[in-house]
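Okay, structure first, notes after.
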Amino acid sequence: MHAMDVMTTDVITIDPDTTVQGLATLLAERGISGAPVVDPSGRLVGVVSEGDLLHRAEIGTAHRHRKRRRSWWLDHFASDLAREYVKSHGRTVKDIMTRDVVTVAEDTELSEVAALLEAKRIKRVPVMRDGKIVGIISRANIVRAVGATKGAAPREGEGDDRSIRARLLAELGREEWAKIWPEDIIVRDGTVHFWLSDDEPEEKRQALRVAAETITGVRSVEEHFLPAPAVPAF
């Protein structure tokens, strides 16, 4: 499997001039833990996450360090303190974002993506095409891919799986009732896996199954359920 087979295509991005408070509101309201940062031309300039908001002066969680007498070996330590100060006091996304962003291409093998996430100790990686973001892969996307394998080694026919998925997405894209994100559909060895909210109407589930079964090459359809998002109480 490759990045294009499991990536999230509806990518939420943020402007580098967005305020820190605006970032926090976006992450909370959209239920995400991070986002790529793009400039007005759509160029990727960084990535920001909830971890960048943990130590903030406004809420008293900024790091506190005991003053030390200056010496040559403390120069590196001083640079670290300066970076921490910017993180805790910066007012905009460009002040706190990570600028050295790890990215992958659409055709990057999923094994390489998983290795990157582990080696770099990151939770997500942008997927690029011609310098633009076309998707993002998180650890959750890879977990879903594992869930679709049934513990079996991959078989020949990955191209067929990709063709099935493309045709199914095209079919669902023509239907007004078929509101489902592309990353919630994975095709493996001719089996279509739908990841659905556990409050999804039975009628929609049945229609999704029928739509999948009309695609040539589909052998079976499986449903996987996720807890429905909690509705805020007012």
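Count residues from 1 along the sequence. This one's a predicted model, so the numbers in the text were calculated from it and none came from an experiment.
Of all heavy-atom pairs spanning Val104 and Thr108, the tightest one is CB-OG1, 3.6 Å. For the residue pair Ala105 and Ala3, the shortest heavy atom distance occurs at O-CB, 3.5 Å. Considering every non-hydrogen atom in both Phe225 and Ser197, the closest pair reads CD2-O, 3.9 Å.
A 6.0 Å sphere centred on CD of Glu202 holds more than 12 heavy atoms belonging to other residues, nucleotides or ligands. The number of heavy-atom neighbours closer than 6.0 Å to CG of Asp198, taken from other residues, nucleotides and ligands shown, is above 12. Atom NZ of Lys204 has more than 12 neighbouring heavy atoms from other residues, nucleotides or ligands inside a 6.0 Å radius. Within a 6.0 Å sphere centred on NZ of Lys123, heavy atoms belonging to other residues, nucleotides or ligands number 12 at most.
Among Thr191, Val187, Ile164, the one residue that satisfies the side chain to side chain contact (heavy atoms under 4.5 Å, CB included) test with Val218 is Ile164. Shown are Val127, Ile185, Ile137; of these, the side chain to side chain contact (heavy atoms under 4.5 Å, CB included) with Val6 is made only by Ile137.
Both Ile215 and Val192 are part of a single hydrophobic cluster, where members link through side-chain heavy atoms under 4.5 Å apart. Follow the hydrophobic side-chain contacts under 4.5 Å out from Val37 and you never reach Leu44; the two are in separate clusters. Cluster membership for Val101 and Val125, using ILVMFWY side-chain heavy atoms within less than 4.5 angstrom, is not shared. A continuous path of ILVMFWY side-chain contacts below 4.5 Å connects Leu110 to Val102, so both sit in one hydrophobic cluster. By the criterion of side-chain heavy atoms lying less than 4.5 angstrom apart, applied directly or through intervening Ile, Leu, Val, Met, Phe, Trp or Tyr residues, Val47 is not grouped with Ile32; the two fall into different hydrophobic clusters.
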Derivation of the side chain to side chain contact (heavy atoms under 4.5 Å, CB included) call for Leu23 and Ile96: CA-CA 11 Å; Leu23 167 66; Ile96 67 172; 3.9 Å; yes
Met97 vs Asp52, side chain to side chain contact (heavy atoms under 4.5 Å, CB included): CA-CA, chis, key distance, verdict: CA-CA 7 Å; Met97 69 184 185; Asp52 296 314; 5.7 Å; no
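In this structure, the separation between CG on Leu172 and NZ on Lys179 is 11.0 Å, given to the nearest 0.5 Å. Rounded to the nearest 0.5 Å, atoms CD1 (Ile12) and CD1 (Ile133) are 12.0 Å apart. To the nearest 0.5 Å, atoms CG (Asp39) and NZ (Lys94) are separated by 12.0 Å. Distance check: Ile180 CD1 to Leu168 CG gives 8.0 Å after rounding to the nearest 0.5 Å. With rounding to the nearest 0.5 angstrom, the CZ atom of Arg188 is 7.0 Å from the CG atom of Asp161. Atom-to-atom distance recorded for Thr18:OG1 and Leu26:CG is 8.0 Å, nearest 0.5 angstrom.
No side-chain donor from either of Trp181 and Glu183 sits under 3.5 Å from a side-chain acceptor of the other. A donor-acceptor pair shorter than 3.5 Å can be found between the side chains of Ser33 and Arg124. Between Ser163 and Asp160, the side chains place no donor N or O within less than 3.5 Å of an acceptor N or O (distance only, hydrogens not considered). Arg144 and His224 share no side-chain donor-acceptor pair at under 3.5 Å.
Comment: Arg205 does not engage Glu200 in a salt bridge, judged by the lack of any side-chain N to carboxylate O separation of less than 4.0 angstrom.
A heavy-atom distance below 4.5 Å is not found between the side chains of Ile122 and Thr98. In this structure the side chain of Val20 reaches within 4.5 angstrom of the side chain of Leu53, judged on heavy atoms. Side chains of Arg165 and Pro182 form a contact here, defined as non-hydrogen atoms less than 4.5 Å apart. Two residues are said to be in side-chain contact when any heavy atoms from C-beta on lie closer than 4.5 Å; Met1 and Ile186 meet this criterion. The closest side-chain heavy-atom distance from Met7 to Val134 is below 4.5 Å.
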